[in-house]
Amino acid sequence: MKSRDRFLAALACRPLERPPLWVMRQAGRYLPEYRALKAKSSFLEMVKTPALAAEVTLQPLKRFPGLDAAILFSDILVIPEALGQPYAFRETGGIQMAYRLETRAQIDALAPAEAVPERLAYVGDALRLLKKEVAATGHALLGFGGSPWTLATYMLEGGSSDDFARAKLLFHTDRPAFDALLEKLTAALVSYFRMQIAAGADAIQIFDSWGGILAGPDYEAASLTWIRRIVAALPPGFPVILYAKGTAPHLAAQAASGVRAISVDWTCDLATVRAALPAGLALQGNLDPVLMTTTPEIVRAQATRLLESVRGRPGHIFNLGHGITPDAKIECMQALVDTVTTFR
Ligand code: CP3
(Lines give C-alpha, C1' and ligand atoms only; values in the text may rest on other atoms or scores of the structure.)
Protein backbone atom coordinates (compact mmCIF):
# COMPACT_ATOMS: atom_id res chain seq x y z
CA MET A 1 0.00 0.00 0.00
CA LYS A 2 1.32 3.46 -0.86
CA SER A 3 2.20 5.62 2.13
CA ARG A 4 -0.07 8.43 0.98
CA ASP A 5 -3.03 6.06 0.71
CA ARG A 6 -2.30 4.65 4.16
CA PHE A 7 -2.11 8.14 5.63
CA LEU A 8 -5.35 9.32 4.00
CA ALA A 9 -7.11 6.06 4.95
CA ALA A 10 -6.12 6.56 8.60
CA LEU A 11 -7.42 10.14 8.48
CA ALA A 12 -10.69 8.74 7.12
CA CYS A 13 -10.71 6.12 9.94
CA ARG A 14 -10.70 3.20 7.52
CA PRO A 15 -9.31 -0.11 8.92
CA LEU A 16 -5.61 -0.71 8.17
CA GLU A 17 -3.08 -3.48 8.76
CA ARG A 18 -0.93 -1.03 10.67
CA PRO A 19 -1.04 2.72 11.35
CA PRO A 20 0.91 5.22 9.26
CA LEU A 21 3.95 6.81 10.92
CA TRP A 22 5.55 10.22 10.80
CA VAL A 23 7.14 12.39 13.48
CA MET A 24 7.04 16.10 14.21
CA ARG A 25 10.19 18.12 13.58
CA GLN A 26 11.61 15.15 11.80
CA ALA A 27 13.85 17.56 9.93
CA GLY A 28 15.84 18.28 13.03
CA ARG A 29 19.17 18.57 14.58
CA TYR A 30 19.37 14.84 15.33
CA LEU A 31 20.26 14.14 11.67
CA PRO A 32 23.91 14.69 10.63
CA GLU A 33 22.79 15.45 7.05
CA TYR A 34 20.63 18.29 8.43
CA ARG A 35 23.52 19.64 10.50
CA ALA A 36 25.76 19.52 7.42
CA LEU A 37 23.33 21.70 5.45
CA LYS A 38 22.89 24.03 8.41
CA ALA A 39 26.64 24.55 8.62
CA LYS A 40 26.37 26.28 5.23
CA SER A 41 23.07 28.17 5.55
CA SER A 42 21.10 29.55 8.47
CA PHE A 43 17.76 28.04 9.48
CA LEU A 44 15.84 30.93 7.94
CA GLU A 45 17.87 30.83 4.72
CA MET A 46 16.94 27.17 4.38
CA VAL A 47 13.29 27.90 5.15
CA LYS A 48 13.16 30.68 2.54
CA THR A 49 15.00 28.84 -0.24
CA PRO A 50 12.51 26.40 -1.79
CA ALA A 51 15.14 23.97 -3.11
CA LEU A 52 16.83 23.81 0.31
CA ALA A 53 13.54 23.57 2.21
CA ALA A 54 12.49 20.71 -0.06
CA GLU A 55 15.84 18.96 0.40
CA VAL A 56 15.64 19.18 4.20
CA THR A 57 12.03 17.99 4.14
CA LEU A 58 13.07 14.87 2.25
CA GLN A 59 16.18 14.04 4.32
CA PRO A 60 14.35 11.94 6.93
CA LEU A 61 12.43 10.06 4.21
CA LYS A 62 15.64 9.17 2.43
CA ARG A 63 17.15 7.81 5.62
CA PHE A 64 13.91 6.16 6.83
CA PRO A 65 11.81 5.27 3.75
CA GLY A 66 9.32 3.57 6.10
CA LEU A 67 8.02 6.98 7.23
CA ASP A 68 4.66 7.58 5.58
CA ALA A 69 4.50 11.39 5.45
CA ALA A 70 6.79 14.32 4.84
CA ILE A 71 6.14 17.51 6.77
CA LEU A 72 7.23 20.70 5.07
CA PHE A 73 10.42 22.16 6.53
CA SER A 74 9.39 25.61 7.70
CA ASP A 75 8.37 27.29 10.95
CA ILE A 76 5.17 28.57 12.50
CA LEU A 77 6.79 31.99 13.01
CA VAL A 78 6.95 32.85 9.31
CA ILE A 79 3.42 34.25 9.78
CA PRO A 80 4.40 36.93 12.33
CA GLU A 81 7.37 37.70 10.11
CA ALA A 82 5.13 38.14 7.06
CA LEU A 83 2.93 40.46 9.14
CA GLY A 84 5.94 42.63 9.94
CA GLN A 85 7.41 41.13 13.11
CA PRO A 86 10.65 39.27 12.30
CA TYR A 87 12.29 36.78 14.66
CA ALA A 88 15.58 35.17 15.50
CA PHE A 89 16.87 32.38 17.74
CA ARG A 90 18.33 33.28 21.13
CA GLU A 91 21.88 32.07 21.81
CA THR A 92 20.53 30.46 24.98
CA GLY A 93 17.72 28.69 23.10
CA GLY A 94 14.22 29.88 22.35
CA ILE A 95 12.75 32.58 20.13
CA GLN A 96 13.46 36.31 20.12
CA MET A 97 11.05 38.53 18.19
CA ALA A 98 12.52 41.77 16.79
CA TYR A 99 10.12 43.71 19.02
CA ARG A 100 7.12 43.06 21.25
CA LEU A 101 3.54 44.06 20.42
CA GLU A 102 2.56 46.43 23.23
CA THR A 103 -0.07 48.78 21.86
CA ARG A 104 -3.25 48.63 19.83
CA ALA A 105 -1.53 50.91 17.29
CA GLN A 106 1.20 48.30 16.79
CA ILE A 107 -1.41 45.61 16.25
CA ASP A 108 -3.22 47.77 13.70
CA ALA A 109 0.07 48.56 11.96
CA LEU A 110 0.77 44.90 11.16
CA ALA A 111 0.56 44.09 7.45
CA PRO A 112 -2.87 43.11 6.14
CA ALA A 113 -3.60 39.39 6.03
CA GLU A 114 -3.95 39.63 2.23
CA ALA A 115 -0.19 40.26 2.01
CA VAL A 116 0.63 36.82 3.41
CA PRO A 117 0.41 34.54 0.34
CA GLU A 118 2.73 36.81 -1.63
CA ARG A 119 5.22 37.28 1.22
CA LEU A 120 5.24 33.55 1.88
CA ALA A 121 5.30 32.54 -1.78
CA TYR A 122 8.48 30.55 -1.01
CA VAL A 123 6.35 28.11 1.00
CA GLY A 124 4.08 27.43 -1.99
CA ASP A 125 7.16 27.01 -4.18
CA ALA A 126 8.72 24.50 -1.76
CA LEU A 127 5.47 22.52 -1.56
CA ARG A 128 5.18 22.34 -5.36
CA LEU A 129 8.75 21.03 -5.60
CA LEU A 130 7.95 18.48 -2.90
CA LYS A 131 4.70 17.41 -4.50
CA LYS A 132 6.64 16.22 -7.54
CA GLU A 133 9.10 14.29 -5.38
CA VAL A 134 6.49 12.58 -3.21
CA ALA A 135 4.40 11.72 -6.25
CA ALA A 136 7.34 9.50 -7.21
CA THR A 137 7.97 8.00 -3.76
CA GLY A 138 4.31 7.67 -2.74
CA HIS A 139 4.62 9.63 0.51
CA ALA A 140 1.95 11.94 1.88
CA LEU A 141 2.78 15.64 2.15
CA LEU A 142 1.78 17.73 5.16
CA GLY A 143 1.51 21.48 5.44
CA PHE A 144 1.20 23.23 8.79
CA GLY A 145 0.91 26.45 10.75
CA GLY A 146 0.63 27.67 14.32
CA SER A 147 -2.71 28.36 15.96
CA PRO A 148 -3.66 32.03 16.22
CA TRP A 149 -3.27 31.89 20.03
CA THR A 150 0.14 30.20 19.92
CA LEU A 151 1.41 32.75 17.38
CA ALA A 152 -0.06 35.60 19.43
CA THR A 153 1.93 34.50 22.50
CA TYR A 154 5.23 34.94 20.64
CA MET A 155 4.09 38.30 19.25
CA LEU A 156 2.84 39.68 22.57
CA GLU A 157 5.63 38.26 24.74
CA GLY A 158 8.36 39.26 22.28
CA GLY A 159 9.55 35.67 22.04
CA SER A 160 9.56 32.47 24.09
CA SER A 161 8.10 33.02 27.54
CA ASP A 162 8.00 31.37 30.96
CA ASP A 163 4.63 32.64 32.14
CA PHE A 164 2.83 34.11 29.10
CA ALA A 165 1.72 36.95 31.38
CA ARG A 166 1.54 39.63 28.66
CA ALA A 167 -0.56 37.54 26.30
CA LYS A 168 -2.97 36.59 29.09
CA LEU A 169 -3.05 40.18 30.33
CA LEU A 170 -4.15 41.54 26.97
CA PHE A 171 -6.87 38.88 26.79
CA HIS A 172 -8.27 39.99 30.14
CA THR A 173 -7.66 43.75 30.03
CA ASP A 174 -8.23 44.75 26.39
CA ARG A 175 -10.37 42.16 24.64
CA PRO A 176 -10.98 44.35 21.57
CA ALA A 177 -7.22 44.64 20.96
CA PHE A 178 -6.73 40.93 21.63
CA ASP A 179 -9.54 40.04 19.23
CA ALA A 180 -8.13 42.40 16.57
CA LEU A 181 -4.79 40.57 16.70
CA LEU A 182 -6.35 37.10 16.69
CA GLU A 183 -8.68 38.07 13.86
CA LYS A 184 -5.74 39.23 11.78
CA LEU A 185 -3.84 36.02 12.49
CA THR A 186 -6.91 33.94 11.67
CA ALA A 187 -7.35 35.67 8.30
CA ALA A 188 -3.62 35.33 7.56
CA LEU A 189 -3.69 31.61 8.39
CA VAL A 190 -6.76 30.99 6.25
CA SER A 191 -5.07 32.45 3.16
CA TYR A 192 -1.79 30.73 4.07
CA PHE A 193 -3.46 27.31 4.40
CA ARG A 194 -5.44 27.81 1.18
CA MET A 195 -2.14 28.49 -0.54
CA GLN A 196 -0.61 25.32 0.95
CA ILE A 197 -3.62 23.27 -0.15
CA ALA A 198 -3.44 24.69 -3.68
CA ALA A 199 0.28 23.81 -3.75
CA GLY A 200 -0.42 20.17 -2.98
CA ALA A 201 -0.59 19.60 0.80
CA ASP A 202 -2.57 16.42 1.57
CA ALA A 203 -3.43 17.59 5.08
CA ILE A 204 -2.70 20.56 7.35
CA GLN A 205 -1.57 20.31 10.96
CA ILE A 206 -2.33 23.21 13.28
CA PHE A 207 0.10 23.51 16.20
CA ASP A 208 -1.55 24.96 19.29
CA SER A 209 1.60 24.40 21.31
CA TRP A 210 0.58 26.87 24.03
CA GLY A 211 -3.16 26.16 24.27
CA GLY A 212 -2.44 24.29 27.48
CA ILE A 213 -1.17 27.29 29.45
CA LEU A 214 -4.54 29.02 29.33
CA ALA A 215 -6.96 28.88 32.26
CA GLY A 216 -9.59 26.27 31.42
CA PRO A 217 -12.51 28.70 31.03
CA ASP A 218 -10.42 30.91 28.69
CA TYR A 219 -9.41 28.20 26.22
CA GLU A 220 -12.49 28.55 24.04
CA ALA A 221 -12.36 32.36 23.60
CA ALA A 222 -8.57 32.68 23.46
CA SER A 223 -7.78 29.72 21.23
CA LEU A 224 -10.31 27.14 20.05
CA THR A 225 -12.84 29.57 18.58
CA TRP A 226 -10.18 30.90 16.15
CA ILE A 227 -9.14 27.40 15.14
CA ARG A 228 -12.78 26.55 14.45
CA ARG A 229 -13.07 29.60 12.21
CA ILE A 230 -9.99 28.58 10.24
CA VAL A 231 -11.27 25.04 9.67
CA ALA A 232 -14.67 26.37 8.55
CA ALA A 233 -12.96 28.60 5.96
CA LEU A 234 -11.03 25.74 4.32
CA PRO A 235 -12.45 23.50 1.55
CA PRO A 236 -15.20 21.31 3.06
CA GLY A 237 -13.84 17.94 4.15
CA PHE A 238 -10.17 18.92 3.80
CA PRO A 239 -8.32 17.07 6.59
CA VAL A 240 -6.98 19.25 9.40
CA ILE A 241 -5.05 17.72 12.31
CA LEU A 242 -5.06 19.64 15.59
CA TYR A 243 -2.05 19.26 17.88
CA ALA A 244 -2.74 21.15 21.10
CA LYS A 245 -0.21 20.36 23.80
CA GLY A 246 -1.49 20.00 27.36
CA THR A 247 -5.17 20.46 26.51
CA ALA A 248 -6.63 17.06 27.46
CA PRO A 249 -9.52 18.69 29.42
CA HIS A 250 -10.76 20.21 26.14
CA LEU A 251 -10.85 17.03 24.09
CA ALA A 252 -14.63 17.00 23.59
CA ALA A 253 -14.68 20.63 22.44
CA GLN A 254 -11.77 20.00 20.07
CA ALA A 255 -13.52 16.93 18.66
CA ALA A 256 -16.49 19.14 17.74
CA SER A 257 -14.35 21.86 16.13
CA GLY A 258 -14.48 20.49 12.60
CA VAL A 259 -10.96 19.02 12.53
CA ARG A 260 -10.45 15.52 11.13
CA ALA A 261 -7.86 14.35 13.64
CA ILE A 262 -6.67 15.14 17.15
CA SER A 263 -2.99 14.77 17.94
CA VAL A 264 -2.30 14.25 21.64
CA ASP A 265 0.82 14.72 23.74
CA TRP A 266 2.53 11.87 25.60
CA THR A 267 0.77 12.53 28.91
CA CYS A 268 -2.53 11.19 27.51
CA ASP A 269 -3.50 7.52 27.64
CA LEU A 270 -4.13 6.78 23.98
CA ALA A 271 -6.77 4.07 24.52
CA THR A 272 -8.72 6.31 26.91
CA VAL A 273 -8.66 9.17 24.42
CA ARG A 274 -9.70 6.79 21.61
CA ALA A 275 -12.68 5.62 23.65
CA ALA A 276 -13.72 9.22 24.33
CA LEU A 277 -13.49 10.38 20.71
CA PRO A 278 -16.24 9.93 18.10
CA ALA A 279 -15.49 6.96 15.81
CA GLY A 280 -15.12 9.16 12.71
CA LEU A 281 -12.31 11.23 14.18
CA ALA A 282 -8.70 10.10 13.73
CA LEU A 283 -6.25 10.11 16.63
CA GLN A 284 -2.55 10.88 16.30
CA GLY A 285 0.18 10.20 18.82
CA ASN A 286 1.81 9.86 21.21
CA LEU A 287 5.12 8.24 22.16
CA ASP A 288 7.11 10.28 24.68
CA PRO A 289 9.83 12.00 22.59
CA VAL A 290 12.35 11.51 25.38
CA LEU A 291 12.28 7.76 24.62
CA MET A 292 14.09 8.56 21.39
CA THR A 293 17.18 9.31 23.50
CA THR A 294 17.16 5.91 25.25
CA THR A 295 17.83 2.56 23.54
CA PRO A 296 16.29 0.73 20.56
CA GLU A 297 15.02 -1.98 22.97
CA ILE A 298 13.12 0.54 25.07
CA VAL A 299 11.68 2.23 21.98
CA ARG A 300 10.54 -1.13 20.58
CA ALA A 301 8.87 -2.12 23.84
CA GLN A 302 7.13 1.21 24.41
CA ALA A 303 6.02 1.63 20.79
CA THR A 304 4.60 -1.91 20.82
CA ARG A 305 2.75 -1.22 24.08
CA LEU A 306 1.22 1.86 22.48
CA LEU A 307 0.27 0.04 19.27
CA GLU A 308 -1.33 -2.79 21.27
CA SER A 309 -3.33 -0.33 23.36
CA VAL A 310 -5.32 0.78 20.29
CA ARG A 311 -5.12 -2.46 18.27
CA GLY A 312 -8.16 -2.88 16.05
CA ARG A 313 -9.27 0.73 16.51
CA PRO A 314 -9.22 2.38 13.05
CA GLY A 315 -7.98 5.94 12.65
CA HIS A 316 -4.65 5.86 14.47
CA ILE A 317 -1.69 7.79 13.08
CA PHE A 318 1.51 6.91 14.93
CA ASN A 319 3.50 9.96 16.01
CA LEU A 320 5.52 11.25 18.93
CA GLY A 321 3.71 13.24 21.62
CA HIS A 322 5.75 16.32 20.59
CA GLY A 323 8.62 17.09 18.25
CA ILE A 324 11.72 14.93 18.07
CA THR A 325 14.61 16.49 20.00
CA PRO A 326 18.19 17.24 18.86
CA ASP A 327 19.60 14.53 21.14
CA ALA A 328 17.38 11.78 19.68
CA LYS A 329 19.40 8.75 18.57
CA ILE A 330 19.25 7.57 15.00
CA GLU A 331 19.15 3.92 16.13
CA CYS A 332 16.07 4.74 18.24
CA MET A 333 14.36 6.30 15.24
CA GLN A 334 15.24 3.21 13.19
CA ALA A 335 13.76 0.99 15.92
CA LEU A 336 10.57 3.06 15.89
CA VAL A 337 10.22 2.83 12.11
CA ASP A 338 10.86 -0.95 12.18
CA THR A 339 8.40 -1.51 15.03
CA VAL A 340 5.51 0.43 13.51
CA THR A 341 6.00 -0.71 9.90
CA THR A 342 6.17 -4.41 10.84
CA PHE A 343 3.26 -4.32 13.33
CA ARG A 344 0.34 -6.53 12.34
O1 CP3 B 1 8.52 18.70 11.87
C2 CP3 B 1 9.19 19.37 11.06
O3 CP3 B 1 10.39 19.20 10.86
C4 CP3 B 1 8.47 20.42 10.27
C5 CP3 B 1 8.99 21.75 10.43
C6 CP3 B 1 8.73 22.45 11.75
C7 CP3 B 1 9.70 23.22 12.41
N8 CP3 B 1 9.10 23.89 13.42
C9 CP3 B 1 11.10 23.31 12.03
C10 CP3 B 1 12.06 23.74 13.06
C11 CP3 B 1 7.55 22.58 12.46
C12 CP3 B 1 6.22 21.88 12.24
C13 CP3 B 1 7.78 23.53 13.49
C14 CP3 B 1 6.73 24.00 14.40
C15 CP3 B 1 7.06 24.98 15.44
N16 CP3 B 1 8.00 25.96 15.43
C17 CP3 B 1 6.33 25.08 16.65
C18 CP3 B 1 5.13 24.24 17.02
C19 CP3 B 1 5.52 22.87 17.42
C20 CP3 B 1 6.13 22.80 18.80
O21 CP3 B 1 7.34 22.58 18.87
O22 CP3 B 1 5.41 22.96 19.77
C23 CP3 B 1 6.92 26.11 17.40
C24 CP3 B 1 6.50 26.55 18.78
C25 CP3 B 1 7.96 26.68 16.61
C26 CP3 B 1 8.86 27.81 16.92
C27 CP3 B 1 10.24 27.28 17.05
N28 CP3 B 1 11.06 27.00 15.98
C29 CP3 B 1 10.92 26.91 18.23
C30 CP3 B 1 10.38 27.07 19.64
C31 CP3 B 1 12.17 26.42 17.85
C32 CP3 B 1 13.28 25.90 18.74
C33 CP3 B 1 14.17 27.05 19.14
C34 CP3 B 1 15.32 26.57 20.00
O35 CP3 B 1 15.25 26.77 21.19
O36 CP3 B 1 16.24 26.01 19.44
C37 CP3 B 1 12.24 26.46 16.44
C38 CP3 B 1 13.36 26.01 15.61
C39 CP3 B 1 13.08 24.92 14.65
N40 CP3 B 1 11.95 24.81 13.89
C41 CP3 B 1 13.97 23.87 14.29
C42 CP3 B 1 13.34 23.13 13.29
C43 CP3 B 1 13.90 21.99 12.51
C44 CP3 B 1 15.36 23.68 14.84
C45 CP3 B 1 16.26 24.56 14.05
C46 CP3 B 1 17.71 24.31 14.28
O47 CP3 B 1 18.25 24.76 15.31
O48 CP3 B 1 18.33 23.70 13.41
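Numbers here simply count residues along the sequence, with the first being 1. Just so you know, these numbers come straight off a predicted model, no measurement behind them. Indexing begins at 1, ligand by ligand and atom by atom, following the structure's order.
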With heavy atoms of [X] as the reference, note each atom of ligand 1 found under 4.0 Å away.
| X | value |
| --- | --- |
| Ser209 | 18 (C), 19 (C), 20 (C), 22 (O) |
| Met24 | 1 (O) |
| Ile95 | 27 (C), 29 (C), 30 (C) |
| Gly93 | 35 (O) |
| Phe73 | 43 (C) |
| Ser74 | 5 (C), 6 (C), 7 (C), 8 (N), 9 (C) |

Just to check, does [X] reach to within less than 4.0 Å of ligand 1 when the distance is taken from its heavy atoms?
| X | answer |
| --- | --- |
| Gly94 | yes |
| Tyr243 | no |
| His322 | yes |

Between [Y] and [X], does any NZ, NE, NH1 or NH2 come within less than 4.0 Å of an OD or OE carboxylate oxygen?
| X | Y | result |
| --- | --- | --- |
| Arg128 | Glu133 | no |
| Arg104 | Asp174 | no |
| Lys48 | Asp125 | no |

Discussion item. Can you see whether Ser263 engages Gln205 through a side-chain donor-acceptor pair at a distance of less than 3.5 angstrom?
Written reply: no
Worksheet item: Cut-off 3.5 Å, side chains only: do Trp22 and Gln284 have a donor facing an acceptor?
Response: yes
From [atom], work out which of [options] has a heavy atom at the shortest distance.
| atom | options | value |
| --- | --- | --- |
| atom 16 (N) of ligand 1 | Gln96, Arg90, Arg25 | Arg25 |
| atom 44 (C) of ligand 1 | Lys245, Gln26, Arg29 | Arg29 |
| atom 45 (C) of ligand 1 | Tyr30, Tyr34, Phe89, Phe207 | Tyr34 |
| atom 5 (C) of ligand 1 | Leu72, Ile71, Val47, Val56 | Leu72 |

Discussion item. Please verify the inter-ring angle class for Phe43 with Phe73; under 30° counts as parallel, over 60° as perpendicular, anything in between as tilted.
Written reply: perpendicular
Practice prompt. Kindly assign one of parallel, tilted or perpendicular to the pair Phe144 and Phe207, based on the angle between their ring planes and the thresholds 30° and 60°.
Written response: perpendicular
At what distance is the nearest protein heavy atom to [atom], and which residue and atom is it?
| atom | result |
| --- | --- |
| atom 24 (C) of ligand 1 | Tyr154 OH, 3.2 Å |
| atom 11 (C) of ligand 1 | Phe144 CZ, 3.5 Å |
| atom 28 (N) of ligand 1 | Asp75 OD1, 2.7 Å |
| atom 43 (C) of ligand 1 | Ala27 O, 2.8 Å |
| atom 41 (C) of ligand 1 | Phe43 CE1, 3.7 Å |
| atom 47 (O) of ligand 1 | Lys38 NZ, 2.8 Å |

Discussion item. Run the side chain to side chain contact (heavy atoms under 4.5 Å, CB included) test on Val23 and Ile71 for me, step by step, so that the C-alpha distance in whole Å, both residues' side-chain angles and the decisive distance to 0.1 Å come before the verdict.
Written reply: CA-CA 9 Å; Val23 307; Ile71 179 158; over 6 Å; no
Item to complete: With Met292 as reference, evaluate Ile298, Leu320, Asp327, Ile330 under the side chain to side chain contact (heavy atoms under 4.5 Å, CB included) test and give the passing residue.
Response: Leu320
Discussion item. A side-chain contact here means heavy atoms from C-beta on lying under 4.5 Å apart; do Lys245 and His322 qualify?
Written reply: yes
Practice prompt. State, with a plain yes or no, whether a side-chain heavy atom of Leu37 is found less than 4.5 Å away from one of Gln59.
Written response: yes
Worksheet item: What do you reckon, does Trp210 have a nitrogen or oxygen under 3.5 Å from a nitrogen or oxygen of ligand 1?
Response: no
Discussion item. Tell me whether the NZ or CZ atom of Arg175 lies within the 45° cone about the ring axis of Phe171 and under 6.0 Å from its centre.
Written reply: yes
Worksheet item: Of the backbone atoms (N, CA, C, O) and the side-chain heavy atoms from C-beta on, which set of Pro326 has a member under 4.0 Å from an atom of ligand 1: side chain, backbone, both, or neither?
Response: neither
Practice prompt. If a pair satisfies salt bridge (charged side-chain N to carboxylate O under 4.0 Å, His left out) and one of its residues is in residues 301-319, list it, with sequence neighbours excluded.
Written response: Glu308-Arg311
